[in-house]
2 protein chains.
Amino acid sequence: MTTAAEPSENPDLRAVDGRVPGRRGMATRQRLLQCTSDLLETTSYRDLKVVDIAREAGTSPATFYQYFPDAESALLALADRLVGEGGQRLIQPLRSADWQGSNAYLACEAVADAFLDFWADHSALMAVIDLAALEGDQRFRDCRIQLLNTFTVAATEVLTRQRDAGFAAAEVDPEATAVVLVSMLSHVAAHQLGITQAGVSLEHLRDAMARVMYNSPLGKTDTFGTTI
Amino acid sequence: MTTAAEPSENPDLRAVDGRVPGRRGMATRQRLLQCTSDLLETTSYRDLKVVDIAREAGTSPATFYQYFPDAESALLALADRLVGEGGQRLIQPLRSADWQGSNAYLACEAVADAFLDFWADHSALMAVIDLAALEGDQRFRDCRIQLLNTFTVAATEVLTRQRDAGFAAAEVDPEATAVVLVSMLSHVAAHQLGITQAGVSLEHLRDAMARVMYNSPLGKTDTFGTTI
DNA sequence: CAGAGATCTGACGGGTCGTCAGATAGTAGA
DNA sequence: TCTACTATCTGACGACCCGTCAGATCTCTG
């Protein structure tokens, strides 16, 4: 979210000593960010050393610290940049889909795909965000919440509409349901690689997610209100 | 899972130099484990230092390294011990519940509670397991899979029965559905504290999870097979 | 081309890690 | 009880990474 063109107004773009970077400084900063991103593809989060980033960028570690207080802050800058794109990509299938009747199932498939695809495209960085958020780093928590909140809000709208159209019991809480579904989507997407038990293919997971979403108040369920 | 009474047969209980610990050694090992567990309540995973564990246990750091190759291994020993208890607690509501008709909703509530309660009782250690697994540590991945797999297998059985009883379309994949539901349950349970957006109470999350489960093939859904 | 300010760097103190040789404590047997 | 063996413990150490700072180097302006 921090890609403003006016450095002087963006505190994140100031060098640590408070000065606003000029042309050369900005280039160095960008280079450091790019190298951080590159290294993340081959190195795990915990093993990411400032020394390595600096060497990769052809500078001394001290230069790194001129632009970022620590390695995590560089990762946060990358993460922030991703949040904007992510929010849009994730809500796109929610917004543009037809939620009428059984068309809702196609919409659910599209939502599942959006999550799986986005995580696949940015697996390393998303893992860092998940990880740092779980570790308790408030900056990454905010970042993660911002990303998922975009989706949760949009999903809550759809859920509310579906409920009000009579597809679910009145006492269904759209927001809580949205949070639960987002948890499912993000968690499956994050762990798609190998954490879950083997023997279940990604396609099957996708289908299962779509079905679970479809059978939630997101899609069309007509017996729930009367059975409980 | 490593609580065998016969140390000589359990490689995990050997000191790092290969010798089997005697009475005093086992006591020290236990003390170190207990202190690790205690410190985890007040210290985050990343900030857990071997020096602190040793000081808490009244020994030198070198003594710690006599029983564990590193701090993570001590955490793994704690985690392993938890897996057995966890597996039982999580599948208990699955096994003992009545899945007939609308009683299934009560069963879904019980399952949601089991996850939330278990994570609440062991939040610090479960966070470590999630974290280390996400970081890629294979030992913790196995540990986590073992815990959740116990549940997934049991859930797959119930889902298969429900599907075969005609409550879901034939093409529903019970195992994939189980994996997806487990992801939802564990993720919501893990992030219950504050990672998800504020404004949604734990009770609402519990209800939403129960409803999602109930509306999945776990409970009774009767329109899905014909709408797609 | 001189000066000012921006940028970069080598060197350093501080902290944690994991190891090792040797000190100490417990114990079995005479 | 004494001795000798072994389990257990420890202080000291080298290696590594962190983040800082004074001063060198570069860039641009006037």
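Sequence lines set the chain letters: A, B, ... in the order given, protein chains first and strands last, and positions in each chain run from 1.
- Dashed line: the shortest gap from a side-chain N or O of A/T63 to OP1 or OP2 of C/dC8 is not under 4.0 Å.
- One interatomic measurement links the two molecules: OH of A/Y67 to P of C/dA6, which rounds to 11 Å at whole-angstrom precision.
- Between A/R46 atom CZ and C/dT16 atom C1' there is a gap of 13 Å when expressed in whole angstrom units.
- Candidate nucleotides C/dC17, D/dT10, C/dC8 were compared by shortest atom distance to the side chain of B/K49, and C/dC17 ranks first.
- Listed nucleotides C/dT9, D/dG11, C/dC17 differ in distance to B/Y65; the shortest reach to its side chain belongs to C/dC17.
- Looking at the side chain of A/A62, the nearest of the listed nucleotides C/dT9, D/dC17, C/dC8 is C/dT9.
- The nearest whole Å value for the distance from the CZ atom in A/F68 to the C1' atom in C/dT7 is 15 Å.
- Distance from the side chain of B/D70 is smallest to C/dG18 among C/dT9, C/dG18, C/dT16.
- For A/T28, the side-chain atoms get nearest to C/dC8 when compared with the rest of D/dT10, C/dC8, D/dC18.
- Using a 4.5 Å heavy-atom threshold, the side chains of A/H187 and B/S186 count as touching.
- Distance from the side chain of A/V50 is smallest for D/dC18 among the nucleotides D/dC18, D/dC9, C/dC17.
- Looking at A/R139 and A/E72, a side-chain N of the basic residue comes within less than 4.0 Å of a carboxylate O on the acidic one, giving a salt bridge.
- Using a distance-only test at 3.5 Å, with no hydrogens or angles considered, a donor-acceptor pair links the side chain of A/S183 to the main chain of A/V179.
- Taking atom CE of B/M26 as the reference point, atom P of C/dG26 lies 18 Å away to the nearest angstrom.
- As a whole-Å value, the separation of B/R31 CZ from D/dC9 C1' is 11 Å.
- Atom P of nucleotide C/dT24 and atom CD of B/Q66 are separated by 17 Å, given to the nearest angstrom.
- Separating the CZ atom of A/R55 from the P atom of C/dC8 is a distance of 18 Å, rounded to the nearest angstrom.
- Using a 30° and 60° split on the angle between ring planes, B/F115 and B/W119 fall in the parallel class, below 30°.
- Between A/D173 and B/R211 there is no salt bridge, since none of the side-chain N atoms of the basic residue sits less than 4.0 Å from a carboxylate O of the acidic one.
- Rounded to an integer number of Å, the gap from B/D52 CG to C/dG18 P is 14 Å.
- For the pair A/A71 and B/G58, nearest-nucleotide mapping onto DNA chain D gives the more 5' position to B/G58.
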